[in-house]
Every structure is written in C-alpha cells, then in structure tokens.
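I have placed the structure first, in the form of structure tokens, so that the comments after it can refer back to it.
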Amino acid sequence: MHRRRKGLRAVLAAALAVGGCVGYSDWVGQMERQIAQDNPNEAIAVLEDHAAAGRNAVLLLLNRAILYRMAADFERSNADLEAAKLLIDRLSVTSVTEQTGALTINDTMRSFVGEPYEQVLVHVYEALNYLEMGQLDQARVEVLQLDVELNALGDDPLAGAGFARYLSGLVFETLGEWDDAMIADRKAFEAYRRAQTFFVPTPLRGDLLRLTRHLGLHDELARYRKEFESQGGALQKIADVPEDSGELVFTLHSGLAPVKREAATGVTTMDGRMVMVSMPYYDVRPPRVTSARLHIGAVAKETATVDDIEALAVGSLEKRKPEILARAVARAVIKYNASNEAQNSSEALAFMVNVAGILTERADTRSWSTLPSRISLLRWPLTAGHYRIDIDLLGDDGVVVAQRTLDDVSIVAGQKRFLSLHWVSPDDLVPVGGRYGRSERRH
Amino acid sequence: MRGTIRISLLLISALLVVACATKVERVAPEEVRDLSGLWNDTDSRLVSEEMIADVLARPWLTDFTRTHKSRPAVIVGEIRNLSHEHINVNTFVGDIERALINSGKVDFVASSEEREEIREERKDQDVHAREDTRKAMGMEIGADFMLKGSINSILDAEGKRQVRYYQIDLTLISLADNRVTWIGQKKIKKFVTKASLRP
C-alpha cells in the first residue's frame, strides 16, 4: 500500500513536471508589467530568471531579442535573433521523440519553432535593427533571406509577407537598387491584397507611384494611379526626394501580440474514466495606441498601419486548429487505452495512468508574445540637419494617449534615418476576452 | 532479476551522462568540416588561397615595380557582402594582406579607421614623447592601389535540398588613374541536403 502511494505521488509529480507551466502566468505578467512601465532591462531580468530553455530555447531568444530592441540594444537583439534563426532551421526537422511525446503526452513536448509569420518577423526585426544601426549591407542580407523564406511559403496570406516585402523594397531603395526595390514593392502590393487584412498602406501606394515614375514604367504608373483612386484613401505626393535631402523612416510598434491560453474540456467515459482535450485559443488585446503623429516645427504627419500581427496570430491559429484538434483527440484515445491496459494489472495503476493522462494534457500556448500587436510607418523627406521631433501617440479614435519627444535627430543628405518606438501601456496588457473559446485554465 | 534491472538502469544513466557531456577535439585549420552548409572557415581559406596565388602571379606587380622602382602600396577598401549570409570578410582579407606583406613585394597602408587612431597617437606624441622619438605628421605613405570587392550568392532551394553558389570578386584599382589592374574571382558551389529526421 505504501509503495502504491509512493508510486501515485511519483506519477503526479512527473505529470506536473511534464506540464511544466506552474507559475508561468505569474512571471509572464511580471515581465509584461515591466515592459508597460518602460523598463525593458527589468523585463529581461524577469525573463532570464524564469524562462526555461530546452524545447523553449527559441522562444526565450525571440522574446529577449524584442526586449533588447526596446532597450535600444540592437546588437544584442540581433545576436539573439540570429541564434534563434539557426536554431529554428535545425529544429524544423521532424523529431521522432518529440512527435511521440506530442502524441502521448501533449503538444508542448515539441520544440517551439514559431508560426510562419513569426519566422518571417525574425528577419524583419533583424533587418530593422541593422537599419537603425546604419548597417545597410547587413540589412540587405536579411532581406535576401526573407526572399528565400517567403518564396518557400508560397502565397500564404498569413505569412505577413506584405510588410516584409515592403521593408525589403525600402532596403533596396536605400542602397540605390531601384529595380530590386520596384520588384519588392510589387510583391508587397500583391501580398497586402492577398492578405485582405487592411488597405494597401498609404506609404506603399506612394512608393509604387514614385518608383514606377522613376523607372519610366508609365503603363504601370497609370494602372496603380487608377486603382488607388478607385479605392479612395489619401495618395502621398509622388515627388522624388531632393538630392540635398535625407529621409526619416519612423516605425511605431504598439501594444503586445495576443496571448495564447488554454481551454480544456473533460469528458467522463461510460466506465467512469475521465478524458481531457485541451485546445489553445487567443485572448486578443487591441493596442491602446494605433498610430503616431510626428511634429517637426509647424508640420505634422501621421504613421500608417503596415502590419497587423494580431490578425496574423489569430488567423494562423485558426488555420492550425484542425491539426491540433486531431492530435488532441488521438492523444485522448492513446491515454484512454493506456489506462485500460493498466487495469489488467491493477485498479490503482489504471487510476494513476488516468490521472497522469489528465494532468499531462496541456494545450501548447507558446507564442512570441513580446511582439507588438501592430506596426505603423511614416516616411518623411527632410533637408539635411538636426531636428526635434514631437510625437503624439494616438488611439483608434484619434485621441492623443501619450506624447514623446526625440531630441536632436540628425538627417544626412542622400541617406535614410531609421528610427522606431515601441509603445506598450498598462491598458495593453488587459485582454478583451477570448475570441475563440472560454478561459478555463491560463497557461 | 532485480539486480539485472538495476545494472541496466545504471548503464542507461551512464550512457545518457556521456552523451550529454561536452566534447572538444582539436583539428587542423585546413581540415574540412561542413556542418550546416553555410559559409565557413574552409570557404574563407579557399578564397584566400586562390586570390593570393592569383594576385602574386599577375603582371600588375612586376609592371609597377619596374616602372616605379619601388613596391606598390595597397589599401583595403570596401569588400561588400551582397550574399544571403552574414559573412565576416575580414578573415580572408586578413589572409590576403598577410600573404602579400610576407611576400616582400607589396606594402599595405593602414585602413582609414586605423589611420585615425595612429594620427591621434602622433598628436599625443607631440605633447608627451621625447623629441628624438617623436614621429612627425605628414610623413604617411599614400596608397597606389585600392583593393575592393564583393561577395555575391545565388541560393536555389527546394524542400530539403539546396544549391548554394558563392562568387567572390576582388579588384585592384590604381588610385592614380582609376585603372582596374587586377581582378580575382573565386566561385564556390555547394549542394546541401538537410536531414529529414532528428532524434
């Protein structure tokens, strides 16, 4: 009897250890609160204290990379993104043991490699970091890798190809490679249209008109002009950037990506055993700030949304759901059969196997949650000089939520200056409720 | 029976410990070890070997020495990485520099960043060094040639198979008249098949 109790305790302990998510929500909440208080270095400390590597090594690197970026430590951010990229490449190969674990224990037994949109964003953020450090050739390397990645993904509307291609165009344009910039912008235009999440962004429309004119592609220019006019919305001026001018390219990264949670459903079978099926769902948390209005002297310009990461995350999970559900059901059957077989030995063992099956059934709620919910962008040609830029951070309703100032931004003739701002407020941490299921157990 | 199980468990644990331990093995720098198919030390070495052999055998060197009765001074300009990978070009550029200097046929001029540092040191000497050891300003050697170049790549991938093609072009340009006096080229092609399964 004593030995049996000891065995039961061991099974329960093992089950909890495999679940591996005791206290997870606490430290993630703590990390996010530090982010919202604009303390990225404190957030890194929380992350490093609590996040386990192993199967979550990629996740740790990706989250830390964004936190380093928030702390303007672009070099460390890129070191983590580069390490994550190599690891994703290695871990994307099917693992026999991990697949077996996913079929018998739960989906978290597989190494985290991210969804396609997350893998694309690895390159996007690495390129943005290089651009902010002024390392154009290195940003170009990322853009070439993006091209390979996006070509492999085909026309997946959930890959986030729109902004990735648009950023590629910007990099090529910065290097004076006009043909490649045109090709990238064309692909960005097609990708935004395919994704149908929002209008083709205003800056891209302006760039398509400017580039087609610059390259003398008159038919294409007329086609874009006609299409944009028919869709309505503001058309940017298509004047080329004057020779003695530089350009400010500002990106706003607002809010936090939706948080994945778990909805567990328990069913009692005819013979009194319990079977559990756990599915992930997203709690969305729309960003309080959706755009920024930049003021230089008496002139003001507003950013336009170029990437909706919340939509990509939610859409990707929806697409994956049939596969996740199939695996969860198969797992439930395997666990039920194991319990049945154990009954041949003893009732107590069958009970233990059943309990272990229930406790180990967890949904995979891992996602790159330090990503912003939305990215918006502004291009602003400016004559060479030093500028003070006042920034109004605007809510969906156009109301000024907060203000920031960038002192002494230098613009050099013939060069683009890339600047970014990550904005997360305490309001952004509060989900508006589950969009795809009930919240029963937070992971 | 119980004893056998215990021994088996012990053996398995021992095997796991051995499998997890970090193992380091010294290998010769010229030994080829390809792990990921990405640009590595072997590629860098192949480029420097090819370029060194080529640049020392071409007529630009003897032509210059004959005309000027002195060794040419070369400066390393920008070597652009236009490939799909973050490649450190300093490794093979360093190899080429070393081989050319050690050949005794070419002088190298410090790069613009290095020059700034040295000029600062000279300024410092003006104030702090003994007069007979002070180095004067304006005595630098102007370079005769600039070494420039680029690394390009073409990547063709399908599923788990990849063809990675690299082309490294180096040019030596005469600073006096912009003449291209030497072009070195090295091509590397790799066929990479990724694993289908991992443990």
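Residue numbering restarts at 1 for every chain, and letters A, B, ... go by the order of the sequence lines. The basis for the numbers below is simple: all heavy atoms, side chains too, and nothing from hydrogens, waters or symmetry mates. This is a predicted model, so every value here is computed, not measured.
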Exercise. For B:I101, look at atom CD1 and say whether over 12 heavy atoms of other residues, nucleotides or ligands are found less than 6.0 Å away.
Key: yes
Quiz prompt | Interface moiety of A:V96 toward chain B, non-hydrogen atoms closer than 4.5 Å | solution = both
Quiz item: Are there more than 12 heavy atoms of other residues, nucleotides or ligands under 6.0 Å from atom CZ of B:R115?
Solution: yes
Practice problem: Please indicate whether B:E131 has more than 12 foreign heavy atoms, meaning atoms of other residues, nucleotides or ligands, lying under 6.0 Å from its CD. | Solution: no
Exercise. Report the C-alpha separation of A:V141 and B:I87 in whole Å, then their side-chain angles, then the decisive distance to 0.1 Å, and conclude whether the side-chain contact (heavy atoms from CB on, under 4.5 Å) test is met.
Key: CA-CA 9 Å; A:V141 169; B:I87 292 172; over 6 Å; no
Practice problem: Measure the NE2-CD distance between B:H86 and A:E82 for me, rounded to the nearest 0.5 Å. | Solution: 4.5 Å
Exercise. Report, as yes or no, whether the 6.0 Å neighbourhood of atom CZ on A:R76 holds more than 12 heavy atoms from other residues, nucleotides or ligands.
Key: no
Quiz item: Within the distance-only criterion (no hydrogens, no angle test), does the side chain of A:R140 pair as donor or acceptor with the backbone N or O of B:L82 below 3.5 angstrom?
Solution: yes
Exercise. Specify which of B:E85, B:E158, B:H84, B:K194 makes the most heavy-atom pairs with chain A at under 4.5 Å.
Key: B:H84
Quiz item: Roughly how far, to the nearest 0.5 Å, is CG of B:N81 from CG of A:L144?
Solution: 9.0 Å
Quiz item: Quick one: CD1 on B:I79 to CG on A:D137, what's the gap to the nearest 0.5 Å?
Solution: 11.5 Å
Quiz item: So does B:R161 have more than 12 non-hydrogen atoms from other groups sitting under 6.0 Å from CZ?
Solution: no
Quiz item: What part of B:L197 gets closer than 4.5 Å to chain A, counting heavy atoms only: side chain, backbone, both or neither?
Solution: both
Quiz item: Should we count CD of A:E75 as having more than 12 external heavy atoms under 6.0 Å?
Solution: no
Practice problem: Flag the one option from A:Q138, A:Q99, A:R90 with the top tally of heavy-atom pairs under 4.5 Å to chain B. | Solution: A:Q138
Quiz prompt | chain B contact via A:Q135 - side chain, backbone, both or neither, heavy atoms under 4.5 Å | solution = neither
Self-check item: Region of A:L91 in contact with chain B, defined by heavy-atom distances below 4.5 Å
Solution: both
Exercise. Pick one of side chain, backbone, both or neither for B:E78, based on which atoms fall under 4.5 Å of a heavy atom in chain A.
Key: side chain
